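Below, read A as the first sequence line, B as the second, and so on, with proteins coming before strands; counting in each chain starts at 1. Remember, it's a predicted structure, so these values are computed and weren't measured experimentally.
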Amino acid sequence: MSMHQEGSKPPREAAPGKRWIEVPKIVNGIDSTEWVEVDMESDAPTWGDRASLRVLNRDLRRVDGPEKVTGQARYPHDVRLPGMVWTRILCAPFPVCKAVVDLDAARKVPGVVDARELREGGQVTFLGQAVAAVSAETPEAAEDGLRALKPRYEQQGFAVTREQALADDAPKVNKDGNVGRERKNGNLDEVEAALAQCRWVAKGTYSVPVQHHASLETHGVVVDFRGGKEATIHASTQGTFTIADEAARELGLSAGSVKVEVPYMGGGFGAKFGLDVPGTIACRIAKDLSRPVHLFLTRKDEFLLAGNRSGAVQDLQLGADESGQLQALSAKVDRLGGRGDGSFAQQPYVYHVPKRFFHARSVFTHTDASRAFRAPGHPQASFGIESILDELAYQMGKDPLELRLANLPEKGRADWARQLERCAREIGWYQHPHRTAPGKPTEPVMTGIGFAVSVWGGGGGKECVVEVRISRDASLAVLCGTQDLGTGTRTYMAGIVAEVFDRPLRSVSTQIGSSTLGRANASGGSTTTASLAPAVKVAAENAKRALLETLAQADGTAARDWALAGGRVIAPEKGQGGPNSMSFEEACLKLPAAGISASGEWAASLAGNGVHGAQAAKVEVDLRTGGVRVVKMVGVQDCGLPLNRKALASQLQGGMIQALSYALFEERVIEPDLGVMLNANFEDYKIAGSREMPEFVALIDDDDTRQQVIGMAEPAIIPGHSAIANAVHNACGVRVRELPLTPDKILNGLALARGLAANKEAGK
Amino acid sequence: MKSFEYLQPTTLEEALAALPTSRDPKERERVRLIAGGQDLLTEMKEHLAEPDLVVDLKRIEGLDKIRVQSDGSLVIGATCTLAALEEHAHVREHFAVLSRAAGSVGSTQIRSVASVGGNLCQRPRCWYYRSEQIPCIKKGGAECFAYSGLNKYNAILGGGPSYIVHPSDLAPALVALGAEITLRSATQQRILPLERFFTLPSEGRVQQENDLGPGEMVVELKVPSLPAGAGTWRSDYFKVRERGSYDFALAALALALLVDDGTIRGARLCLGAVAPIPWRADKAEALLVGRKVDDEACRLAGEAALAGARPLEHNGYKLDLTRGLISKALRQLASS
């Protein structure tokens, strides 16, 4: 995970001329960090003064925008190959059962070429598990074949909710039972004693539901294997280089003979690493049929077996002294990651509490395993701590912003304080009428404001090999096998090269998304940019040096006397009045026919680690209908050196949108008695749409002057929902401790408050 | 979805001739009518409907027309799109509630193809009904799983033995306006008040939400002008949904008021999404007449409209919601 691990230290003293740096390490979307020893670079490249940058740190339009919006971009799902079969899989609609299917009936359907069972004896161990697969000449025939299986399910006992899983006689999800992966730190006795001493204590149980990635392109692959010794996998993946090994194993080939193509992919948010279930099935079928196979999950299947963000239930107690200094926190957390572990950052999240007890455990259910999802574990932790902080603040009659400012940790305090105060100014907090207590429901529509913060790593590592080519026609190309999740990878790659060569952005073409190009890391933990951008920069500098050396050599002069400036090549002066500069185009004509190229790898000096963010939300709550409308969101995010300001603002805004949707709508609903998922579609699994969009103010924190590139795509999603829940509380006094913030909960909260008030009145 | 034959008749007679006249529900389900397909296709994709023959009504000339009669009343053809209804100038001016209800359905894309007839005849959205695996009472099973299950979206009024809510937005608006529906079969034509077209699950045929008989289809809707009186009629459609961009209602209200100098002289109230049928609140209508819109009137109207309500475990909030909606709507319309 990418939070600064307190107490993490390099394994030993650095060797002479070396230093240790901590870099993120992500395996299949699971974050951790490791220490690596790097050279103390004396002549390491630098990004240059921000003021001198001509292309970077500005608003760049996406270089691949036109292809994407005109439909020219070919996504893996769009791949059609001669002789290709279409495969559909049958996912179990019940959690634990024995599935009996009629393969012969499926095989008799015209067009069906293959039908197979995927589970030994048809035993299903979790909701959505793939039971059978049918392949056919057309997608329609594949579906008809799937229906012809006429599955019968002999149902067995299951646990799909936390309560069911924790019951004494609960059916076991794992051999060891339904609880595991405990993580504990701090001393509960000490914390309880400290809480008893606190002047102010807030208590509450805070829950977040299971959220789905809901990427527009579902999980899947097209396996191009027609017998023989080679194969190409067209994959919708976050890791071009996470596929070949597994695919080769399934196809019986060597990894080197399996190519992977990901020129575009339709979103992943952390759920798309490795060959995965559809890829594995597709490879097996392709191997048996010696035909290309197209297998993408349907939307319903995607909801059932393509992962999710784990839910969480947190029992928190937070205490403060008279002055509002936090003293003690007790946190008992259940992670709800289905048959997976789930993820949860830690408590206290960000804020400083001297005495703390944290106990987290996984409660397993018969549903698919959660996966990494944009800032794994952080939004859950954020919701708990930010909610209870506001509750504590109002109990004390204190401004929740001030309580935050007074309890930030030492490391990063100035950053968060600056960002929170900027959010407060932008959102209008200082003019807001009720800052130390929630609004009294005097008007039919009440306005409220809330805040929350985030932390993330976002560093990079020595992962990518980038090539930069210069052609005789003066065009530049930058190449790397890396994938673009939609964040704008191509654009900043081209931007960095354009900056180094002082050339227009349009003169740089990009090639990415192929395992035939230089290796790259998978996109997890917001590590792509901090790993890739330095390698692009180094490759571009190397290519520039190679260009000047080539020109110098041909000229018989010393390369050190040559330079690139203002888009022109400056040559050493020769004799009297000889030309001492030429256009870039003229210079490139002097290159060999094949042009020249150079490669580059990561340089530690170009990347940083550790980002901070704060967000604020302003909402209107309609007390008559329970409707919550978010009217404005402000996000302030630091990220070291911004490469493309437009893309960064877009990421920040996208994070706020996804958090808004999590706050107000998103929730996986599984019928507790029947075990069936009731909202495995885009109608009932509600995601915010255009009418839910508030005014967004997405601000890059330019007070962060680090001349290092750091990833920030994930932290953008962390605080928004917490800020919205706090804003609702601030608006009308209803504290919803269980997301999403739907009208039923608001109205029930208001009714409860009226009831309490009436009782109080009656008791007088 | 299952493969099917596709028929594109150009006359009503041809379409009606294709409809089975059998009383056997299985036989009737073999043929389904399609206009915009916005409900039927979702049913077919989930295999709730598996017709052998789909009869497309869009080539039948004139069936999509809105006609304004000399007395100002409307005749709306069954295949008229919701977008056309929403945007029709006469409808906007004189039947605002209808235009607004049409405009509240789904999304722009959906409204541009969805039809008036299809909207009135659409099947319930209850997630138990919509899941193929769940053998609910609407699909011939023995039980309404929503009754003791996850029922936050279900009925608080008129429920039992099924607790669906009627999903149509047009229905409350048309019922409030006193519309009549014309049904045709190959052999006969029936005209009945729209209010009577919709049937409660307790009235017998629990697998059907309306009185459509074997071989019958909806042909048109007749919408009379609101009766003249002192003052002017104002009408509007108020819809509360979780997601404003595209969602079915948690509760909705079609409201028309005849207001003269601040006093209500006539009122039409019909609730949506709280009962298995559009729920006409005639008691509330009666007690509003002669009153000014004030706290008392709002409270009384809410109480009268919700008389007999029996919320389930998770939908008690709909009582507060409906009361709040009525109050908000009355004030908004009276002061507009």
J.: For B:D320 and A:R754, what are the C-alpha separation, side-chain angles and deciding distance, and is it a salt bridge (charged side-chain N to carboxylate O under 4.0 Å, His left out)?
T.: CA-CA 12 Å; B:D320 282 342; A:R754 276 198 308 272; 3.4 Å; yes
J.: Taking CZ in B:R100 as the centre, count heavy atoms belonging to other residues, nucleotides or ligands within less than 6.0 Å. Is the count above 12?
T.: no
J.: Assess whether side-chain contact (heavy atoms from CB on, under 4.5 Å) is satisfied between A:K686 and B:D247, documenting all intermediate values.
T.: CA-CA 9 Å; A:K686 295 175 188 178; B:D247 214 346; 3.0 Å; yes
J.: Could you tell me which portion of A:E671 (side chain, backbone, both or neither) has an atom closer than 4.5 angstrom to a non-hydrogen atom of chain B?
T.: both
J.: Looking only at heavy atoms, which of residues 148-159 of chain A get nearer than 4.5 Å to chain B?
T.: none
J.: Is the number of heavy atoms from other residues, nucleotides or ligands within 6.0 Å of OH (B:Y147) greater than 12?
T.: no
J.: Got a second to check how far B:H314's NE2 is from A:N748's CG, nearest 0.5 Å?
T.: 11.0 Å
J.: Dump the intermediate steps for salt bridge (charged side-chain N to carboxylate O under 4.0 Å, His left out) on B:E46 and A:K300, then the final yes or no.
T.: CA-CA 10 Å; B:E46 184 64 19; A:K300 191 185 216 174; 3.1 Å; yes
J.: To the closest 0.5 Å, what do you measure between CZ (A:R299) and NZ (B:K45)?
T.: 12.0 Å
J.: Quick check on the interface: out of B:R130, B:K318, B:M1, who has the most heavy-atom pairs with chain A under 4.5 Å?
T.: B:M1
J.: Scan side-chain atoms only and decide if A:E692 and B:S245 contain a donor-acceptor pair under the 3.5 Å cut-off.
T.: yes
J.: By a 4.5 Å heavy-atom criterion (distance strictly below it), what part of A:V669 contacts chain B: side chain, backbone, both, or neither?
T.: side chain
J.: Is A:L678 close to chain B through its backbone or its side chain, or both, or neither, when contacts mean heavy atoms under 4.5 Å?
T.: both
J.: Hey, what do you get for CG (A:L674) to OG (B:S131), rounding to the nearest 0.5 Å?
T.: 9.0 Å
J.: Which atom names give the shortest non-hydrogen contact between A:P743 and B:E242, and what distance separates them?
T.: CD-CG, 3.9 Å
J.: Given A:R624 and B:R331, is the side-chain contact (heavy atoms from CB on, under 4.5 Å) satisfied, shown in steps?
T.: CA-CA 12 Å; A:R624 297 160 302 193; B:R331 287 177 186 285; 5.6 Å; no
J.: Does any heavy atom of chain A fall under 4.5 Å from the side chain of B:K328, the backbone, both, or neither of them?
T.: both
J.: At a heavy-atom separation under 4.5 Å, does B:L321 approach chain A through its side chain, its backbone, both, or neither?
T.: both
J.: Please rank A:N681, A:D684, A:I687, A:N679 by heavy-atom pairs under 4.5 Å with chain B and give me the top one.
T.: A:I687
J.: Please check if atom CG in B:L41 has more than 12 non-hydrogen atoms from other residues, nucleotides or ligands closer than 6.0 Å.
T.: yes
J.: Where does A:I670 contact chain B at under 4.5 Å (heavy atoms): side chain, backbone, both or neither?
T.: backbone
J.: Taking side chain as everything from C-beta outward and backbone as N, CA, C, O, which of these in A:E140 sits under 4.5 Å from a heavy atom of chain B? Side chain, backbone, both or neither.
T.: neither
J.: Heavy-atom distances under 4.5 Å only: say whether B:N315 touches chain A with side chain, backbone, both or neither.
T.: neither
J.: Applying salt bridge (charged side-chain N to carboxylate O under 4.0 Å, His left out), run through A:E683 and B:R125 and close with a yes or a no.
T.: CA-CA 10 Å; A:E683 180 185 312; B:R125 306 307 307 190; 2.5 Å; yes
J.: For the OG atom of B:S107 and the CZ atom of A:R691, what is their distance to the nearest 0.5 Å?
T.: 9.5 Å
J.: Measuring heavy-atom distances to chain B, does A:K745 have an atom under 4.5 Å in its side chain, in its backbone, in both, or in neither?
T.: neither
J.: May I ask you to name which of A:L747, A:I746, A:D744 has the most heavy-atom pairs under 4.5 Å with chain B?
T.: A:D744
J.: Are there residues of residues 133-144 of chain B whose heavy atoms fall under 4.5 Å of chain A's heavy atoms? If so, which?
T.: B:Q133, B:I134
